[in-house]
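Here the structure is laid out as structure tokens; the discussion comes afterwards.
Naming convention: chains lettered A, B, ... in sequence-line order (proteins, then strands); numbering from 1 in each chain.
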2 protein chains.
Amino acid sequence: MATIKDLAKLAGVSVTTVSRVLNDHPYVSKEKRKLVLEAIEQTKYEKNVNAVHLKTGRTQLVGVVLPFSDHPYFAQLLKGIAKQAFKHNYKLVLIQTDYQEKREKEALHMLRQKQIDALIICSRSCDLDLITSYTLYGPIVVCEKVHGDKLSSAYIDHYQAFQSALAYLYETGHQKIGYSVSRLDGTSSKERAAAYRDFLAAKELPCRLDYVFDKMLYFEDGETMVTQLKQMEDPPSALIITNDQVAAGVMTCAGRVGINIPEKLAIIGFDDHPMAQMMGISSMHIPLEEMGEHLFKQALGKESKDKVFHATLIKRETV
Amino acid sequence: MATIKDLAKLAGVSVTTVSRVLNDHPYVSKEKRKLVLEAIEQTKYEKNVNAVHLKTGRTQLVGVVLPFSDHPYFAQLLKGIAKQAFKHNYKLVLIQTDYQEKREKEALHMLRQKQIDALIICSRSCDLDLITSYTLYGPIVVCEKVHGDKLSSAYIDHYQAFQSALAYLYETGHQKIGYSVSRLDGTSSKERAAAYRDFLAAKELPCRLDYVFDKMLYFEDGETMVTQLKQMEDPPSALIITNDQVAAGVMTCAGRVGINIPEKLAIIGFDDHPMAQMMGISSMHIPLEEMGEHLFKQALGKESKDKVFHATLIKRETV
DNA sequence: TTGAAAGCGCTAACAT
DNA sequence: ATGTTAGCGCTTTCAA
């Protein structure tokens with residue numbers, strides 16, 4: 001495999017000149033440039049990027065931390081990230097964590113080791129302080145509201161989103177409202193819980209802890225939820241559901257056990273996935289792809305440190 | 001940021017000794033090791049992996065080429081790949097191509113530039129010969145049957161899978177069988193087409209080109225398919241569908257327009273996704289995750305060059 | 001406009 | 001068991 005040294009020798013110029021040609025620098029005469037180009041052609045020369053990485057200290061690689069890549073929510077986010085990465089000629093290193101702290105730490109470690117230029121954390125298990133401490137080694141972007149100016153962030157205002165879903169259900173006559181989340185200790189779940197609590201308090205409704213369903217993430221979880229619902233003596237009349245996949249699952253199973261939607265049970269999903277549109281499921285639209293694009297631009301320092309996205313209610317036939 | 005030189009100075013040893021400690025090599029006395037370890041601690045030293053990459057010529061990075069990361073089929077495959085990557089302490093560079101040749105070439109280029117140690121191509125648009133020519137620069141694994149010994153491959157025997165689905169439908173009394181694919185010019189679609197043709201010929205059934213549906217990939221495509229079906233004068237009585245997502249979409253929409261499943265239309269999906277299980281959709285089970293794991297091991301040269309996986313029919317309630 | 005030379009931070013052959 | 005040293009292939013400063 002040829003190196004610039006070989007090219008230099010072959011073209012009868014210095015390595016500096018070769019490097020200049022390679023990097024489109026000025027101050028190279030037409031003749032020498034041509035000579036170098038010919039040498040490149042002849043030897044089928046290809047740059048060893050690792051040398052460049054060592055020299056420049058950058059790799060054109062951005063790490064993306066996410067718990068699962070097989071969920072439409074993260075897949076959509078990833079799509080936006082990938083779009084901008086491609087645009088800026090960066091590649092993405094995928095770090096699937098399954099919410100294992102160990103794996104998140106590996107990602108942070110890669111930043112520290114300079115294997116990646118920046119890190120995007122779509123969802124985390126690690127402590128925020130730990131993550132923040134790694135900003136010393138490169139830009140880190142997270143998907144939640146943060147304090148301080150070390151981390152960049154782009155996130156959904158889940159509190160507000162949840163409030164508007166609640167308000168809508170309340171307006172349409174529901175008083176027994178429940179909801180589901182993917183993991184109770186997640187950041188967005190906490191916001192949802194706060195919105196729920198505050199809303200119930202404002203309307204002087206009782207807070208029903210049995211109306212909160214945990215571990216609902218995939219389509220098939222909808223079945224579990226319907227089963228649980230069926231066993232309740234006093235089930236909710238409306239549900240705000242983790243995402244459209246679970247909502248679709250609920251929708252699919254509910255009919256079988258005689259739970260008619262929306263008569264007996266109103267549901268609102270999240271994300272406004274094409275699936276929700278097709279099935280006529282009311283949903284909170286979230287600009288996931290746009291958010292993903294923003295995340296990447298932030299990782300490159302090309303955007304403001306802080307960006308909130310708002311969800312909007314899409315009314316369909318399930319409320 | 002400290003370097004091994006700094007450590008050497010601080011610990012009063014040579015860089016070699018430091019390097020040995022860093023890489024767990026033998027021949028370092030307990031005392032010196034301790035000294036080095038202390039220096040590491042003190043300086044919060046971290047290896048610059050780019051230097052290692054340059055020196056060793058390897059990056060512990062494997063590229064994964066796939067058209068979309070937001071489809072369950074590829075997400076599942078990716079899961080298996082990621083599992084093994086983690087096990088072997090490799091990271092994955094994700095290259096989403098949208099089936100654009102330009103992007104696939106970028107991936108090949110990364111291999112050539114030594115930015116990745118190996119490349120896994122889950123689905124391609126590029127010419128196989130072009131891909132093969134890059135094996136010069138590192139191992140490449142693809143998901144289809146190949147000739148020659150340059151490329152490794154792990155793949156589903158789609159011909160056989162399709163034949164058994166057809167046989168099953170035929171046995172249950174269907175003569176008007178149609179099918180759908182995601183893209184007609186894809187490798188697996190060609191195998192399916194061959195199986196279809198051969199089967200019809202064997203049973204002396206007419207080959208109905210209007211029974212072949214293209215561009216069916218996502219859940220929401222099921223709606224399109226049902227619409228098309230509804231407009232046909234002489235629609236098929238059974239369908240072998242691209243994958244379980246589309247099958248679920250068909251299932252969801254069919255009822256609305258009076259197409260009862262399986263009475264009026266029998267369907268068989270592919271992949272045996274949890275969704276199919278939940279909805280009672282008959283499906284061809286494919287060991288996707290296992291295949292993903294295999295792909296990665298092949299990329300590392302730890303497995304045979306060639307591996308066929310077989311699909312198995314899971315009978316549920318849609319036939 | 002060109003080139004010599006000094007690294008980037010690490011590994012490993014070789015010498016001791 | 002330990003150290004010296006020569007690179008890995010490139011970029012970039014500095015001098016010409």
Side-chain angles (χ1 to χ4, degrees), chain A residues 1-40 43-61 109-117 137-138, chain B residues 1-40 43-61 109-117 137-138:
Chain A
M1 228 120 287
T3 71
I4 43 169
K5 239 179 182 167
D6 300 327
L7 294 184
K9 201 176 294 172
L10 202 63
V13 301
S14 72
V15 291
T16 314
T17 302
V18 175
S19 176
R20 285 199 179 107
V21 173
L22 250 27
N23 298 292
D24 284 323
H25 277 294
Y27 301 128
V28 181
S29 65
K30 280 202 168 42
E31 306 82 60
K32 302 226 168 189
R33 162 162 283 124
K34 186 158 169 275
L35 250 34
V36 172
L37 257 19
E38 279 169 7
I40 290 175
T43 58
K44 298 189 186 307
Y45 167 81
E46 196 65 42
K47 226 188 232 187
N48 180 331
V49 289
N50 293 319
V52 181
H53 295 165
L54 170 59
K55 186 66 192 179
T56 61
R58 289 177 310 100
T59 58
Q60 299 288 108
L61 246 33
H109 197 222
M110 285 180 78
L111 187 64
R112 188 164 171 193
Q113 288 192 139
K114 296 179 173 303
Q115 186 158 22
I116 51 180
D117 294 346
Y137 307 106
Chain B
M1 227 116 290
T3 70
I4 45 168
K5 240 180 184 167
D6 300 326
L7 293 184
K9 201 176 293 173
L10 201 64
V13 300
S14 74
V15 291
T16 312
T17 303
V18 175
S19 176
R20 288 200 177 107
V21 172
L22 251 28
N23 297 293
D24 284 324
H25 276 295
Y27 302 128
V28 182
S29 65
K30 282 200 165 44
E31 306 82 61
K32 301 229 169 186
R33 162 161 282 123
K34 187 158 169 273
L35 250 33
V36 172
L37 256 21
E38 279 170 7
I40 290 175
T43 56
K44 296 188 188 308
Y45 167 82
E46 196 65 42
K47 224 187 231 187
N48 181 329
V49 290
N50 292 320
V52 180
H53 295 167
L54 170 58
K55 184 66 192 177
T56 63
R58 290 180 306 103
T59 58
Q60 300 288 111
L61 246 35
H109 197 223
M110 286 179 77
L111 187 65
R112 187 164 172 191
Q113 287 192 140
K114 293 178 175 305
Q115 187 159 20
I116 51 180
D117 294 345
Y137 308 106

**Prompt:** According to a strict under-4.0 Å criterion, is A:Tyr27 in side-chain N/O contact with OP1 or OP2 of D:dA16?
**Reply:** no
**Request:** Look at the side chain of B:Gln115 and the backbone N and O of B:His109, then say whether any donor-acceptor pair between them is shorter than 3.5 Å.
**Result:** no
**Request:** Verify, without hydrogens or angle tests, whether A:Asn50 (side chain) and B:Thr59 (backbone) share a donor-acceptor contact under 3.5 angstrom.
**Result:** no
**Request:** To the nearest Å, give me how far apart CE (B:Met1) and C1' (C:dC10) are.
**Result:** 17 Å
**Request:** Using a 4.0 Å heavy-atom cut-off across all strands, classify A:Val49 as base, sugar-phosphate, or nothing.
**Result:** nothing
**Complete:** With the side chain defined as heavy atoms from C-beta on, B:Ser14 is closest, among C:dT2, D:dC10, D:dG3, to D:dG3
**Request:** With heavy atoms under 4.0 Å as the rule, sort B:Thr17 into base, sugar-phosphate or nothing.
**Result:** sugar-phosphate
**Message:** Counting only side-chain nitrogens and oxygens, does B:Thr56 get under 4.0 Å of the OP1 or OP2 atom of D:dC8?
**Reply:** no
**Request:** Kindly compute the distance separating CD1 (B:Ile40) from CZ (B:Arg33), expressed to the nearest 0.5 Å.
**Result:** 10.0 Å
**Asked** Taking only N and O in the side chain of A:Asn23, is any of them less than 4.0 Å away from OP1 or OP2 of D:dT11?
**Response** yes
**Item:** Any B:Lys55 side-chain nitrogen or oxygen under 4.0 Å from OP1 or OP2 of D:dG9
**Value:** no
**Request:** Establish, from distance only, whether the side-chain atoms of A:Ser14 and A:Thr17 form a donor-acceptor pair under 3.5 Å.
**Result:** yes
**Request:** Check the distance between D:dG3's P and B:Glu31's CD and give it to me in whole angstrom.
**Result:** 12 Å
**Message:** Let's see if you can work this out: which of D:dC10, C:dG9, C:dA12 has an atom nearest to the side-chain heavy atoms of B:Leu54?
**Reply:** C:dG9
**Complete:** Side-chain contact check for A:Val52: nearest option of C:dA5, D:dC10, C:dC10 is D:dC10
**Message:** Can you measure B:His53 atom NE2 to C:dC10 atom P for me and round it to whole angstrom units?
**Reply:** 12 Å
**Message:** Whether the side chain of B:Thr56 engages the backbone of B:Val52 through a donor-acceptor N/O pair (distance < 3.5 Å, no angle test) should be reported.
**Reply:** yes
**Asked** Choosing from D:dT2, C:dT11, C:dG3, which nucleotide comes nearest the side chain of B:Lys32?
**Response** D:dT2
**Asked** Taking atom C1' of D:dT12 as reference, at what distance in whole Å does atom CG of A:Leu22 sit?
**Response** 14 Å
**Residue mapping more 5' on DNA chain C - nearest nucleotide basis, A:Pro26 or A:Thr16** = A:Pro26
**Prompt:** Heavy atoms under 4.0 Å, any strand shown: does A:Ser19 hit a base, just sugar-phosphate, or nothing?
**Reply:** base
**Prompt:** At under 4.0 Å between heavy atoms, what does B:Asn50 touch on the DNA or RNA strands: base, sugar-phosphate, or nothing?
**Reply:** nothing
**Message:** Measuring to OP1 and OP2 of D:dG9, would you say a side-chain N or O of A:Thr3 lies under 4.0 angstrom away?
**Reply:** no
**Request:** Among D:dC10, C:dC10, D:dT2, find the nucleotide with the atom closest to the side chain of B:Arg20.
**Result:** D:dT2
**Item:** Gap between atoms CD1 and P, on B:Ile40 and C:dG9 respectively (whole Å)
**Value:** 16 Å
**Minimum heavy-atom distance between A:Asn23 and A:Lys47, given as atom pair plus value** = OD1-NZ, 3.0 Å
**Message:** Less than 4.0 angstrom between a side-chain N/O of B:Lys47 and OP1 or OP2 of C:dT11, yes or no?
**Reply:** yes
**Complete:** B:Ile4 CD1 to D:dG7 C1', in whole Å, measures 13 Å
**Item:** Length of the CG-C1' vector between A:Leu35 and C:dT2, whole Å
**Value:** 14 Å
**Whole-Å gap separating P (C:dG9) and CD (A:Gln113)** = 14 Å
